[in-house]
There are 2 protein chains.
Amino acid sequence: MNGLLRPARRTTLADDVYESVRALVMDHAVAPGERINIDALARRLEVSPTPVREALARLEADGLVRKRPLAGYTAAPLLTRAEFDELVEMRLILETASAHRVAERFSGRRDATGSDSDSGSGDRAAAGNGDGAGADPPGSADVLAQLRREAELPDQVPGTEGFAAIAAFTAQDARFHHLLAERSGNRMLHAAVVRLRAHLHLFRLHFPTAHYGTSAREHLRIVDAIGTGDPDAAGSAMRAHLLAAADRHLPFFEGS
Amino acid sequence: MNGLLRPARRTTLADDVYESVRALVMDHAVAPGERINIDALARRLEVSPTPVREALARLEADGLVRKRPLAGYTAAPLLTRAEFDELVEMRLILETASAHRVAERFSGRRDATGSDSDSGSGDRAAAGNGDGAGADPPGSADVLAQLRREAELPDQVPGTEGFAAIAAFTAQDARFHHLLAERSGNRMLHAAVVRLRAHLHLFRLHFPTAHYGTSAREHLRIVDAIGTGDPDAAGSAMRAHLLAAADRHLPFFEGS
DNA sequence: CGATCGAAGATCCTATAGGGAAAACGTCCG
DNA sequence: CGGACGTTTTCCCTATAGGATCTTCGATCG
């Protein structure tokens with residue numbers, strides 16, 4: 001029995017290790033700030049240290065682990081108050097633009113075909129040389145439907161409580177935001193949003209909190225704004241959602 | 001004689017290799033799309049393949065090299081038209097916000113102390129646990145002076161022509177934009193701007209172009225807007241600059 | 001009692017060797 | 001003459017061993 005899942009070796013070992021370690025850090029299987037022993041990790045995953053080292057290097061670029069020269073790797077420490085504020089500001093910048101762009105594209109496609117100055121950019125981007133698999137770009141019609149479906153998804157997954165409920169909520173929230181970013185048609189924007197998300201997830205897992213109804217309501221408001229084809233309204237709705245969400249997390253910083 | 005410069009081994013070998021390979025790709029010492037042989041690279045740098053592999057993994061996360069499973073690494077291909085448009089849009093999102101934020105901080109500090117709703121965020125972020133060395137946060141007074149100095153720097157460096165002139169122009173332009181992003185007080189924003197910059201540099205080097213006077217004038221206009229403490233004006237000036245710069249690069253896509 | 005210095009332990013970092021998969025080439029067939 | 005197949009070659013990927021470095025613990029001195 002192997003420590004990590006090898007589908008069919010369609011990927012390289014280092015990639016699997018990367019996913020495994022990522023999951024380990026994301027689920028706090030290793031505490032924030034804790035040292036990560038390369039050899040021990042390799043033994044645990046039943047691979048040699050080399051691919052582990054490679055995976056760790058990639059994770060460092062993602063900001064999930066830190067490396068001190070000649071002292072080894074450590075799991076990313078918890079966000080400080082200042083870093084949390086930066087994260088919120090960054091999300092405001094990125095995701096407001098994301099919502100804005102989706103509304104723009106939706107309205108443009110609905111009315112006729114690209115009528116804005118730099119039209120074609122987004123469309124060609126979405127249809128560009130994708131990653132090969134699973135990239136099915138549906139018509140603009142069901143973009144809205146898909147977003148609404150993610151926003152409306154059962155807030156309280158039946159049969160889940162406590163930790164599991166938190167995880168389910170987090171996963172749903174992530175799906176919505178990622179989908180929105182993806183539908184902006186800008187792959188770089190999408191990637192940036194996903195990268196930021198990891199840090200927020202880390203933080204939220206440490207201070208378990210979930211506001212099912214409230215969050216879902218705010219999500220729907222964003223979708224509605226997109227549906228009306230008003231980019232500014234969509235951006236404002238997203239901004240309000242992010243600020244509200246930040247406020248909901250704020251109490252956990254009182255101690256510091 | 002070693003293939004790469006080892007300062008005093010204050011860093012790890014893999015870090016040096018990372019910088020070397022990064023420079024190789026950035027200067028087009030390896031052509032875009034060209035395959036990168038790990039063993040050959042290791043011999044050229046006179047190190048073992050292991051640190052090379054580690055450096056390549058980090059570079060892949062930065063988007064400077066691509067990895068096909070079981071097929072090796074290749075240098076990042078040149079930007080397609082769609083990707084170029086995405087890059088421009090991304091810069092608009094990030095750097096407009098950057099200019100906006102700098103103007104905000106400047107006016108806030110000059111008038112009195114933070115008067116906006118979420119004040120303190122930026123300041124505390126800038127004063128957070130920095131990377132230790134070289135992070136000297138000067139008073140708000142010389143922030144403007146420093147920006148102006150970078151913008152005013154001799155456009156045409158004496159004694160440089162052709163390729164060298166392009167490189168000098170690019171370096172100056174990069175310094176200005178990076179400095180601005182850094183002074184936004186948001187380290188994540190700064191990092192994102194720097195990451196994007198690498199791709200633009202790659203593109204520009206392949207289609208050598210430089211508009212010394214024009215670019216410098218636009219930079220100064222941004223600095224002036226910041227000086228007046230008007231965030232929206234600063235954002236607009238940055239937006240105009242980026243769009244104009246994009247238009248200057250556009251002719252190179254006629255062939256595609 | 002606290003701080004500094006020294007030595008042992010653990011760990012990281014680098015180098016080398018071998019197995020296996022994919023791509024490229026030449027050859028054969030239609 | 002073009003396409004498909006088999007073989008060869010190249011290259012990536014993984015595993016193991018040894019040297020250098022940092023951290024930690026204990027003892028000693030102020």
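Using a distance-only test at 3.5 Å, with no hydrogens or angles considered, no donor-acceptor pair links the side chain of A:Q146 to the main chain of A:V143. A:E83 places a side-chain N or O within donor-acceptor distance of the main-chain N or O of A:T80, the cut-off being under 3.5 Å.
When the P atom of C:dT11 is taken as reference, atom CD1 of A:I38 falls 11 Å away, rounded to whole Å. Rounded to whole Å, the distance from CZ on A:R66 to C1' on C:dC12 is 19 Å. One can place CZ of B:R35 at 8 Å from P of D:dC11, the figure rounded to the nearest angstrom. Here the P atom of nucleotide C:dA21 and the CZ atom of B:R68 are 18 Å apart, to the nearest Å. Put simply, CD on A:E34 is 13 Å from P on C:dT11, counting in whole angstrom units. When the C1' atom of D:dC13 is taken as reference, atom CG of A:D16 falls 13 Å away, rounded to whole Å. Rounding to whole angstrom units, CG of residue B:D39 and P of C:dG18 are separated by 15 Å. The separation between B:E46 atom CD and C:dT16 atom C1' is 17 Å, rounded to whole Å.
Side-chain atoms of A:F84 and A:L250, non-hydrogen and from C-beta on, do get closer than 4.5 Å to each other. You'll find the side chain of A:E60 stays beyond 4.5 Å of the side chain of A:L56, heavy atoms only. By the 4.5 Å heavy-atom criterion applied to side chains, A:R91 and A:L196 are counted as neighbours.
The existence of a salt bridge linking A:R187 and A:E182 is excluded, since no basic side-chain nitrogen approaches an acidic carboxylate oxygen closer than 4.0 Å. A:D62 and A:R58 are not joined by a salt bridge, as no carboxylate oxygen comes within less than 4.0 angstrom of a charged side-chain nitrogen.
Contacts with DNA chain D (heavy atom under 4.0 Å) in residues 49-62 of chain A: A:P49, A:T50, listed by number.
Inter-axis angle, ends of the helix from C:dC1-D:dG30 to C:dG30-D:dC1, five pairs per end, rounded to 10 degrees: 30°.
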Using atom types as modelled, flag every donor-acceptor pair under 3.5 Å from a side chain in residues 21-42 of chain A to any protein atom, sequence neighbours excluded.
unit_1, atom_1, unit_2, atom_2, d
A:H28, NE2, A:L202, O, 3.0
A:E34, OE1, A:A31, N, 2.9
A:R35, NH2, A:A71, O, 3.0
A:N37, OD1, A:D39, N, 3.0
A:N37, OD1, A:A40, N, 3.2

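Rounding to the nearest 0.5 Å gives a distance of 8.0 Å between OG of B:S98 and CD1 of A:I93.
Contact annotation: A:S48 does not reach the phosphate of D:dT14 (side-chain N/O to OP1 or OP2, under 4.0 Å). Taking only side-chain nitrogens and oxygens, B:N37 never comes nearer than 4.0 Å to OP1 or OP2 of D:dT10.
Residue B:L13 has its side chain nearest to C:dT14 when only D:dC12, C:dT14, D:dT23 are considered.
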